[in-house]
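Some notes on the structure that comes next.
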There are 2 protein chains.
Amino acid sequence: MTLEVSSAVQDYAKAIYSLEQRCDGGAVSTNALAERLGVSAASASSMVKKLDGLGIVEHVPYRGVVLTGRGMNVALEVLRHHRLLERFLAEELGVPWDRVHDEAEVLEHVLSEELEELIAAKLGHPTIDPHGDPIPTADLKIVEPATVAMDGLEVGDSGRFVRVSDSDPEMLRYLGARGIAPGEPFEIVDKQPFGGPIFARFGDAGEAHPLGGRLAAAMRVEVGA
Amino acid sequence: MTLEVSSAVQDYAKAIYSLEQRCDGGAVSTNALAERLGVSAASASSMVKKLDGLGIVEHVPYRGVVLTGRGMNVALEVLRHHRLLERFLAEELGVPWDRVHDEAEVLEHVLSEELEELIAAKLGHPTIDPHGDPIPTADLKIVEPATVAMDGLEVGDSGRFVRVSDSDPEMLRYLGARGIAPGEPFEIVDKQPFGGPIFARFGDAGEAHPLGGRLAAAMRVEVGA
DNA sequence: GAATAAATTTAGCCTAGCCTAAAATCGTTT
DNA sequence: AAACGATTTTAGGCTAGGCTAAATTTATTC
């Protein structure tokens, strides 16, 4: 039951999925979609009409789109490809952490199901990618952890560092150089007032790292006991 | 100096290169190109005009095309991608010998130079692909061995099995199952008259294999001492 | 050298996705 | 409720790369 759609359709499904995750209000606006994909609003609008015809989304004119079950499967399929590839490129080929996203972005559209399976097996069927995001299972189930931005935490809070926004290579490099990787447990040990840095200790390291405003805002964490 | 061309242009360059190799007469006919690529002659003709404009080929109307230096580089670049990928898929991911070609066919167009280099390094900079065909070097040099079809040999002839035509998965499976791989030295030990099978011993195996007409015709060998 | 067969090119059309500019709709503000 | 700004949609066009059908050129055969 491979879903035969063009790579443009895959990109739209993926973007809609991601925007639905983010703003949990429901429908995704044409404008948000256009901006996300770097196309004009007119292009997004006409594509949305097509996606509706394909049964990928439900579109209420002027109201936005929602993924159908079928559309969700398209999105999760390509998301699985993307995240497996990121993991594979990082782990097996030593692609730098901040480059895996862009490489995976093009490969995800041409990965066959056979290759997907071979890669998953080679990696031992991993459940998270190098950014810490969950990899959908082969039957396209996924649990997105509920995360909050680290800059909203207070001293004494602790949890697990989940991921940093895909789109900032600089931050990925910065954290990578300090050995701070997704999955790490952490604890907030200090917080400066007036937008100053927040200090967090990761793993079992003795030393706490200062995390400035933009960085702390981009780091998503799962808060827990 | 990455050559920025569409994947259609890459496919044309690759096909022209391959046809130039085969029939060493010189120019490649529009018809042969069309048939090779599975498009109409009209499509090939209009694309050829475009390729000429891009400086990929020189086209003399009604006479055929010849790759330019630039076109040769496009072809060798994608050929390097293709053959490195075949090798990588077979060796690192265990893709069956008869499937590597089709997988590589789509991946070759989206492989970045960085990834190409990482893959080459991981494989130890191999010089032949799983079919026995030479892999162009990073600076796009290649030496295609002079081969003949095995069915033209006589008892007592010997040499090295180089490759079998890319396009026949059935033969690849058949040979693979018998442990006959590119690079193997061989010797002709018997030959039946009237188009009957030819018998060849491979490597240091004691037993000779019978190779029927179509198979022996598809197997390309380098004859030597 | 003329007729015909085969190869090649041209002409005209199609689809997917993108674009800009103009129209329509929505939501808000008076 | 009317008007304004923001969003969305429609209208019309563009490019890449296919297609078929018709014209043209080349090659061959009488």
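Naming: A, B, ... by sequence-line order, numbering from 1 per chain. Quantities reported herein were computed from a predicted structural model and do not represent experimental measurements.
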Let me check something: any side-chain donor-acceptor pairs from residues 41-50 of chain A under 3.5 Å, sequence neighbours excluded? List them with distances.
{"unit_1": "A:S43", "atom_1": "OG", "unit_2": "A:S40", "atom_2": "OG", "d": "2.9"}
{"unit_1": "A:S46", "atom_1": "OG", "unit_2": "A:S43", "atom_2": "O", "d": "3.3"}

Note to self: So, using side chain to side chain donor-acceptor pair (under 3.5 Å) as the criterion, who are the partners of B:Q192 when residues are at least two apart?
What the structure shows: B:D190

Next item on the list: Sequence neighbours left out, what passes side chain to side chain donor-acceptor pair (under 3.5 Å) with B:D11? Give chain and number order.
Entry: B:H109

Item checked: Which residues share a side chain to side chain donor-acceptor pair (under 3.5 Å) with B:T147, sequence neighbours left out -> B:R220

Margin query: If the helix axis at each end comes from five base pairs, how far does the helix from C:dG1-D:dC30 to C:dT30-D:dA1 deviate from straight, to 10°?
Written below: 20°

Check: Can you name the side chain to side chain donor-acceptor pair (under 3.5 Å) partners of A:H59, sequence neighbours left out?
Finding: none

Notebook entry, point to check: Could you give the CD-to-P distance, from B:Q10 to D:dA16, as a whole number of Å?
Noted result: 16 Å

Item checked: Contacts of A:P136 that satisfy side-chain contact (heavy atoms from CB on, under 4.5 Å) - sequence neighbours left out -> A:L76, A:L79, A:R80, A:I142

Check: What are the bounds, 5' to 3', of the part of DNA chain C that sits under 4.0 Å from heavy atoms of chain B?
Finding: C:dA7 to C:dT10

Item checked: side-chain contact (heavy atoms from CB on, under 4.5 Å) partners for B:T127, two or more places apart -> none

Using residues 32-39 of chain A as the side-chain source, report each donor-acceptor pair under 3.5 Å to any protein atom, sequence neighbours left out, with the distance given to one decimal.
{"unit_1": "A:R36", "atom_1": "NH1", "unit_2": "A:S18", "atom_2": "OG", "d": "3.3"}
{"unit_1": "A:R36", "atom_1": "NH2", "unit_2": "A:S18", "atom_2": "OG", "d": "2.6"}

Item checked: Student check: side-chain heavy atoms of B:V148 and B:V221 closer than 4.5 Å -> yes

Next item on the list: Only counting residues at least two apart or in another chain, list the ones meeting salt bridge (charged side-chain N to carboxylate O under 4.0 Å, His left out) with A:E91.
Entry: A:R87

Note to self: For nucleotides 7-14 of chain D, give me one character per nucleotide, 5' to 3': B if any protein heavy atom sits under 4.0 Å from the base, S if the only such contacts are to the sugar-phosphate, - if neither.
What the structure shows: SBBB----

